[in-house]
Protein chains: 2
Amino acid sequence: MNKKQLVAKLSGSLNLSKADAERTFDTITNTILDALKGDDSVKIAGFGTYKVAKRKARVGRNPRTGEQIQIAASQKVKFLPAKALKEVFNR
Amino acid sequence: MNKKQLVAKLSGSLNLSKADAERTFDTITNTILDALKGDDSVKIAGFGTYKVAKRKARVGRNPRTGEQIQIAASQKVKFLPAKALKEVFNR
DNA sequence: GTTACTATATGCAAAAACTGCATACCCAAT
DNA sequence: ATTGGGTATGCAGTTTTTGCATATAGTAAC
């Protein structure tokens, strides 16, 4: 499912136009993003937690050539599924 | 930020009552969940992709006793941040 | 207020992710 | 409808993450 299909479904469920459904959805993702930018994690009970994880610089390797490569430190958004979410897929 | 705080923010941004904002939010997470249950991944352009990843069975360990334990195969929801999302935190 | 969930901390084995890069593919926006 | 761009895949080898049991503390939900 892509964003377009998701918005179409929401449009029906929420009784909104597709444009409004998309605006609503974008507002939510942007709100989550802003919180993460502000160095905050976002916990959604029953769904999961979004966190920004810091990755240290390290030595990697080009799999083609085997050449060693210095990899800079970075940050990535991690999603940790909540208990309820795990259970849905494991029973 | 927790769900309550997120809903409060959305209530403002979307000009909805808190109850409606929460309903809207829950509808979205449920829609995503349903898609994942249906063995589908959910791609959200500019944000990320939710996938169900299969984890193989493996050997674990009780950290208290050191006793070895067989861990069954399982599934978990993975979130892969989109390029745009990574760039926000790495520049 | 009471119940439920979540984070944490512990040691350690094995799975999985990460790196560059080219290709194929699918989506999004023009 | 076309095209540009993000995304998936495969490759190997090293780094990183995962998740086991369990109690406690803190937070959130109802």
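Below, chains carry the letters A, B, ... as their sequence lines are ordered, and counting in each starts from 1.
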For this session: State the CG-CD distance between A:Leu10 and A:Glu22, to the nearest 0.5 angstrom.
Result: 10.5 Å

For this session: Indicate whether OP1 or OP2 belonging to D:dT18 is found under 4.0 Å from a side-chain N or O atom of B:Lys56.
Result: no

Exercise. Reckon A:Gly66 touches a base, only the sugar-phosphate, or nothing at all at heavy-atom distances under 4.0 Å?
Worked result: nothing

Exercise. Could you give the CZ-to-P distance, from B:Arg55 to C:dA15, as a whole number of Å?
Worked result: 11 Å

Exercise. Got a salt bridge between A:Asp26 and A:Arg23, using NZ or NE/NH1/NH2 to carboxylate O under 4.0 Å?
Worked result: no

Problem set entry | Gap separating the OG atom of B:Ser41 from the CG atom of A:Asn2, nearest 0.5 angstrom | 9.5 Å

Problem set entry | Of the listed nucleotides D:dC20, C:dT19, C:dC27, the one nearest the side chain of A:Ile71 | C:dT19

For this session: Using whole Å, report how far CG of A:Leu80 lies from C1' of D:dG19.
Result: 12 Å

Exercise. How is A:Thr49 classified with respect to the nucleic acid when contacts are heavy atoms under 4.0 Å: base, sugar-phosphate, or nothing?
Worked result: sugar-phosphate

Seminar exercise, completed: Against the side chain of B:Lys78, the closest entry in C:dA17, C:dT8, C:dC18 is C:dA17

Exercise. Has B:Asn2 got a side-chain N or O lying under 4.0 Å from the OP1 or OP2 atom of D:dT27?
Worked result: no

Problem set entry | Spacing of CD1 belonging to B:Ile44 relative to CG belonging to B:Leu80, to within rounding of 0.5 Å | 11.5 Å

Seminar exercise, completed: Out of C:dA28, D:dT7, C:dT8, minimum distance to the side chain of B:Ala45 belongs to C:dA28

Problem set entry | Residue A:Ala82, side-chain atoms from C-beta onward, closest of C:dA16, C:dT6, C:dC27 | C:dT6

For this session: Choose from D:dA21, C:dT8, D:dT14 the nucleotide whose nearest atom is closest to any side-chain atom of B:Ile69.
Result: D:dA21

Exercise. Would you say a side-chain N or O of B:Arg61 is under 4.0 Å from OP1 or OP2 of C:dG11?
Worked result: no

Exercise. Can you tell me if the side-chain N/O atoms of B:Lys83 get under 4.0 Å from OP1 or OP2 in D:dG6?
Worked result: yes

Exercise. What orientation do B:Tyr50 and B:Phe79 show, parallel under 30°, tilted 30 to 60°, or perpendicular over 60°?
Worked result: tilted

Seminar exercise, completed: Per atom distances to the A:Arg58 side chain, the nearest of C:dT19, C:dT6, D:dT18 is C:dT19

Exercise. To the side chain of B:Lys3, which of C:dG20, D:dA29, C:dA13 is closest?
Worked result: D:dA29

Exercise. Whole-Å distance between D:dG5 C1' and B:Lys86 NZ?
Worked result: 15 Å

Exercise. What's the closest nucleotide to the A:Pro63 side chain, out of D:dC30, C:dG20, D:dA8?
Worked result: C:dG20

For this session: Starting at atom CD of B:Gln70, determine the distance to atom C1' of C:dA13, rounded to an integer number of angstrom.
Result: 11 Å

